Every structure is written in C-alpha cells, then in structure tokens.
Amino acid sequence: MLLQYFRKTSGIPRQSGSYGKELGIELFVLDDGWFGDRENDTKALGDWEPNLKKLPEGLKGLAEKINNLGMDFGIWVEPEMISVESELYRKHPDWAMAVPGKLHSEGRNQRVLDLANPEVQEFIIKKMTEVFSSANISYVKWDMNRIFSDVFSPYLPRERQGETAHRYICGLYRVMDELTRAFPKILFEGCASGGNRFDLGILCYFPQIWGSDNTDAICRAAIQEGYSYGYPQSCVGAHVSASPNHQTLRNTPLETRFGVAAFGLLGYEYDLRDLNPSQRNMIKQQISIYKRWRKVLQFGQLYRLVSGNIHEWICVSPDKKYAVGLLLQELMTPNTQAHRFFARGLDTQRQYKFYNIPMNVDVKQFGSLINTVAPIHVKQDSLLHNAIAKRVKMDGESESITASGDLLMHTGVALSPAFSGTGFNEKVRVFPDFASRLYFIEAVE
C-alpha cells in the first residue's frame with residue numbers, strides 16, 4: 001500500500017492529488033486539520049465535524065474527487081485525545097483524565113480521554129461511526145500523540161483508581177471491536193509513537209502500525225531493525241519524507257529514504273508541488289519498483305545480515321525465487337573501496353541473476369574535484385556549476401552477475417569498488433555518507 005500524506009490546515013490543493021496519481025500513488029490520506037476549529041494543535045481535538053471553510057463539500061466531496069482520480073481516500077483521527085480549547089471539553093471536562101487538585105502535565109497541548117468511562121466509549125464509537133460513514137473512506141490513521149500521564153479516572157471512585165490503566169485498554173478494545181466490525185473494509189493503522197501501541201492485543205484491530213514519527217532514514221534503519229525481531233514488515237508503516245528531515249535536520253539522499261522505507265509499508269509524506277520534475281520522476285520510478293517487488297518486501301523472510309555503521313538486509317520470497325537486498329552506509333570510512341554482499345535464504349541449487357538498477361550520479365557530489373577534468377575553472381554552486389550538473393548526467397555503476405544460490409550466500413558478490421578520492425567512471429560506486437543501494441535477485445528458470 002502506498003500513502004501520500006498532506007499536512008496543511010487551509011484546504012487541499014488540487015495538484016497534490018493529480019501529482020499523486022501520476023506518480024502511482026494508490027491512497028491519498030488527509031491528515032490533521034480537517035475538523036472543527038483546528039487552526040493549530042492547541043484546539044478542537046474532540047470536535048469531529050468537518051470544517052466546511054476548508055472542505056466546502058465535506059469529506060464526501062473530497063473523497064469523491066480523490067476517487068475520481070483513481071486513488072483511495074484515507075483520513076487521520078485522534079479519538080482518544082481532547083483539547084481543553086474544544087467544544088467537547090467545555091461540555092464534558094469530567095471526561096478528561098486529570099488528578100484532582102494537581103496541575104496537569106499537558107502533552108502535545110492535549111489530554112487523554114477517560115476510556116474507563118462507558119459514556120466516553122459510546123461517544124467515540126458514535127462520532128467515529130458518523131465520520132467513517134460520511135465518505136468513501138478506505139483507510140484510517142488512528143493517532144496517539146502523547147504518552148499517558150495524570151492517570152486518574154474521574155469516572156472511577158478513589159478506591160478503584162488502580163484499575164484505571166487496565167480499564168482504559170479494555171475500553172479501547174471495546175471501541176475498536178465495535179468499529180472494525182461496523183467497517184470491515186477499512187484498513188486501520190495504529191500509532192506506536194505516543195501510545196506505544198505496538199502490542200499483540202491491538203494488532204487484532206490495527207493490522208498496520210506506524211513505527212515512529214522519526215522518519216529520518218538513518219534513525220529508521222535502527223528502528224525497523226528493532227521492530228523486525230518481533231514483527232513482520234507487513235505491519236510496519238515506513239515513509240519517505242522531506243530532506244532535511246523534520247526531526248533531525250539531516251540531509252539524506254532520496255534513494256536512501258526510499259530504500260529503508262521499502263522494507264515496510266511504503267508511503268510518502270510530501271507536498272508534491274514542492275518537488276522538481278527530476279525528483280517526481282525518481283519517485284515515480286521508486287513506486288514502480290516497489291509495486292513490482294512489494295510481495296517480497298512485505299511478506300518475504302527478512303534476514304538482518306549486518307548492523308552498525310553498515311546495514312545489510314535481505315528479503316526472500318517464500319518460494320526462494322526472488323529476493324531484495326539493501327546495503328546502507330551511515331558514515332563513509334576512507335580507503336574502504338572493497339565490499340562483498342552476501343545473500344541469505346536462497347536455494348543453494350538454483351541459479352540466480354543478481355543486479356541493481358543503475359542511477360545517474362550528480363556531478364555536484366564531487367564538489368571542487370570537477371576542476372580536475374573541466375577545461376575552465378568551475379566555482380562550486382555557481383551558475384556554471386549548476387548548469388553543468390543539470391546537463392551532464394554521469395552513469396553510476398552496474399552490477400549484473402548470474403550465479404548459484406550457494407555461491408551468492410557463501411562467496412558473496414564483489415561489488416564495484418567505492419569511490420576513494422581519485423578516479424571515477426561507470427565502474428565506480430559513489431558511496432558517501434548515508435548512501436545506499438538496492439540489489440535484486442531473481443531465479444533463472
């Protein structure tokens with residue numbers, strides 16, 4: 001499944017949807033800001049009525065436009081939370097968890113609704129039923145944007161406060177049981193970041209979980225490796241987001257962001273209008289690759305080959321005919337050109353083709369080294385430098401061998417040597433900080 005998230009509070013630009021369809025996006029997800037007086041994150045959680053100034057035709061009208069483009073429509077909600085600045089809080093302040101006589105430790109400008117209270121459960125079921133029935137909704141992102149604190153139920157007597165956390169989860173399970181039975185065709189994705197919801201119980205209702213709001217590809221490599229010890233790739237949401245990354249301000253190549261996210265449920269968190277034609281074309285190619293290989297990536301056997309500064313993963317299809325490998329480097333170490341990629345999980349007797357999809361190398365990656373070959377001096381990031389980079393596209397390395405599964409697993413593939421200070425041609429692997437490669441393995445019939 002592919003997602004396109006759009007985060008904005010002042011309406012939906014038409015181009016985002018049309019660009020998404022052109023690139024191969026299958027699902028458009030409307031994020032936070034579509035309801036009540038939600039002009040910022042201090043307001044309106046709990047007021048689950050569409051804001052008709054932003055969505056004049058409501059959710060139904062927007063969903064129809066997205067469906068007419070050939071995409072499914074999804075929506076973001078955070079039903080377990082409440083803003084003090086909301087109509088719901090003004091009517092029912094006693095529905096929010098709070099310790100009597102104590103200052104509240106606000107998190108993300110919101111409080112937790114008391115799901116130990118059956119009235120609160122009924123309210124969430126009713127309001128979410130109204131929302132999910134109001135449009136052709138195929139997907140729901142059920143968010144949980146803060147940790148639990150001030151765990152005190154106004155509904156329970158003081159002598160039973162020890163039951164609060166347990167009764168909360170029982171209440172949540174009841175809510176989700178009602179909603180998933182009422183809407184069996186909706187895919188619900190839960191949130192692990194705030195509520196630490198990556199537990200086996202909630203997976204009965206949320207077969208898909210958002211791994212973390214930290215979408216930095218280098219951080220995500222470690223995060224997804226950790227998840228892989230207990231959970232399959234088919235339930236971990238993994239997105240390509242903007243660079244510099246919003247959490248770390250790290251600049252990471254688009255191919256690396258894609259490579260890591262591809263080993264999960266791929267999505268794109270982008271305003272596609274902000275991308276240049278080259279970036280949009282690259283994303284289109286990435287989505288095409290993912291669609292071809294997603295059964296392997298989502299349902300294949302994952303092997304963690306190497307962890308640390310170098311990450312190597314491989315996913316192998318159940319019939320052992322297909323595999324996808326990832327090589328990711330965090331920080332480049334000089335004079336380490338040689339590298340072998342060892343496969344895992346293949347049929348020792350089968351013959352396989354091992355290959356990559358060559359990429360163009362941006363001349364600007366070489367910085368002032370351009371002056372070792374240019375007939376005139378080129379100042380870095382000058383108009384001339386940018387003009388050369390726009391017109392001159394250098395071919396990256398091409399890997400292609402045919403070998404037995406036994407050889408690929410025990411001898412490995414000697415990859416093209418990495419760049420190390422001097423000399424470049426199409427047989428050299430440009431592999432600086434945060435670089436990555438995807439390798440594809442297909443059985444030869």
Side-chain angles (χ1 to χ4, degrees), residues 3-7 19 23 193 211-225 237-264 266-287 289-290 307-313 326-334 336 356-370 378-383 385-390 392-394 396-397 418-421 424 428-438:
L3 313 178
Q4 185 209 344
Y5 272 69
F6 180 69
R7 298 178 180 271
Y19 279 150
L23 300 186
S193 184
S212 173
D213 279 349
N214 184 350
T215 56
D216 179 280
I218 304 305
C219 296
R220 267 305 186 108
I223 291 168
Q224 288 172 219
E225 278 180 4
H239 294 173
V240 177
S241 61
S243 185
N245 181 266
H246 291 171
Q247 283 81 16
T248 64
L249 299 182
R250 183 172 11 234
N251 274 302
T252 311
L254 182 53
E255 57 267 20
T256 294
R257 285 174 273 152
F258 166 69
V260 174
F263 280 75
L266 178 68
Y268 286 82
E269 294 188 21
Y270 262 124
D271 186 336
L272 299 179
R273 301 170 302 169
D274 295 340
L275 302 180
N276 61 44
S278 176
Q279 291 169 320
R280 284 199 291 270
N281 185 58
M282 185 179 293
I283 289 175
K284 185 175 182 178
Q285 292 175 3
Q286 291 174 350
I287 291 172
I289 291 169
Y290 185 76
S307 296
N309 188 56
I310 297 291
H311 300 264
E312 291 183 20
W313 306 337
L326 171 74
L327 170 63
L328 167 66
Q329 176 172 258
E330 294 189 7
L331 298 179
M332 198 277 179
T333 302
T336 53
N356 71 329
I357 297 175
M359 303 177 297
N360 288 326
V361 179
D362 188 345
V363 70
K364 293 185 73 174
Q365 279 193 266
F366 296 97
S368 63
L369 287 175
I370 192 174
V378 179
K379 182 180 178 181
Q380 286 194 70
D381 210 31
S382 62
L383 289 174
H385 198 191
N386 290 323
I388 293 172
K390 187 174 182 180
V392 176
K393 301 298 180 184
M394 298 184 295
E397 84 283 3
F419 178 81
S420 188
F424 171 78
V428 172
R429 178 167 44 96
V430 176
F431 213 64
D433 293 351
F434 319 134
S436 70
R437 294 290 187 274
L438 287 176

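Everything quoted here is computed from the prediction, not taken from an experiment. FYI, side chains are in, hydrogens and waters are out, and symmetry mates aren't considered; it's all heavy atoms of this structure.
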Please give me the minimum heavy-atom distance between [X] and [Y], naming the atom from each residue.
X      : Y      : answer
Arg250 : Cys219 : NH2-SG, 3.6 Å
Leu254 : Gln279 : CD2-O, 4.1 Å
Leu328 : Ala221 : CD2-CB, 3.6 Å
Ser436 : Leu326 : CB-CD1, 4.1 Å
Ala261 : Val240 : CB-CG2, 3.9 Å

note = Arg437 meets the salt bridge (charged side-chain N to carboxylate O under 4.0 Å, His left out) criterion, sequence neighbours left out, with Glu397
Partner set under salt bridge (charged side-chain N to carboxylate O under 4.0 Å, His left out) for Arg280, not counting sequence neighbours = none
Atom pairs and distances, donor-acceptor, side-chain atoms in residues 358-365, under 3.5 Å, two or more places apart:
from   : atom 1 : to     : atom 2 : distance (Å)
Asp362 : OD1    : Lys364 : N      : 3.0
Lys364 : NZ     : Asp381 : OD1    : 2.8
Lys364 : NZ     : Asn386 : OD1    : 2.6

Residues in side chain to side chain contact (heavy atoms under 4.5 Å, CB included) contact with [X], at least two apart in sequence or another chain:
X      : value
Leu331 : Asn309, Asp433, Phe434
Ile357 : Ile289, Phe440
Ser307 : Glu225

Just to verify, what does [X] make a side-chain hydrogen bond (donor to acceptor under 3.5 Å, both in side chains) with, not counting sequence neighbours?
X      : value
Thr248 : Asp216
Thr252 : none
Ser420 : Asn335
Asn251 : Ser243

Set of residues satisfying ring pair (Phe, Tyr, Trp, His ring centres under 6.0 Å) with respect to Phe258, sequence neighbours excluded = none
message = Tell me every residue that passes ring pair (Phe, Tyr, Trp, His ring centres under 6.0 Å) with Phe419, counting only those two or more places apart in sequence or in another chain.
response = Phe366
N/O donor-acceptor pair under 3.5 Å between [X] side chain and [Y] backbone:
X      : Y      : value
Arg220 : Arg257 : no
Glu330 : Ile218 : no
Glu269 : His239 : no
Gln285 : Met282 : no

When rounded to the nearest 0.5 angstrom, what is the spacing between [atom1] in [X] and [atom2] in [Y]?
X      : Y      : atom1 : atom2 : result
Leu327 : Ile310 : CG    : CD1   : 6.0 Å
Ile223 : Asn214 : CD1   : CG    : 4.5 Å
Ile370 : Gln380 : CD1   : CD    : 9.0 Å
Phe263 : Gln224 : CZ    : CD    : 9.5 Å

ask   = Around Lys390, counting heavy atoms of other residues, nucleotides and ligands shown, do more than 12 lie under 6.0 Å from its NZ?
value = no
task = Begin with the C-alpha distance, continue with both residues' side-chain angles, and end with the deciding distance and a verdict on side-chain contact (heavy atoms from CB on, under 4.5 Å) for Tyr19 and Arg273.
result = CA-CA 8 Å; Tyr19 279 150; Arg273 301 170 302 169; 4.1 Å; yes
inquiry  = Can you classify the ring geometry of Tyr270 versus Tyr268 as parallel (below 30°), tilted (30 to 60°) or perpendicular (above 60°)?
reply    = parallel
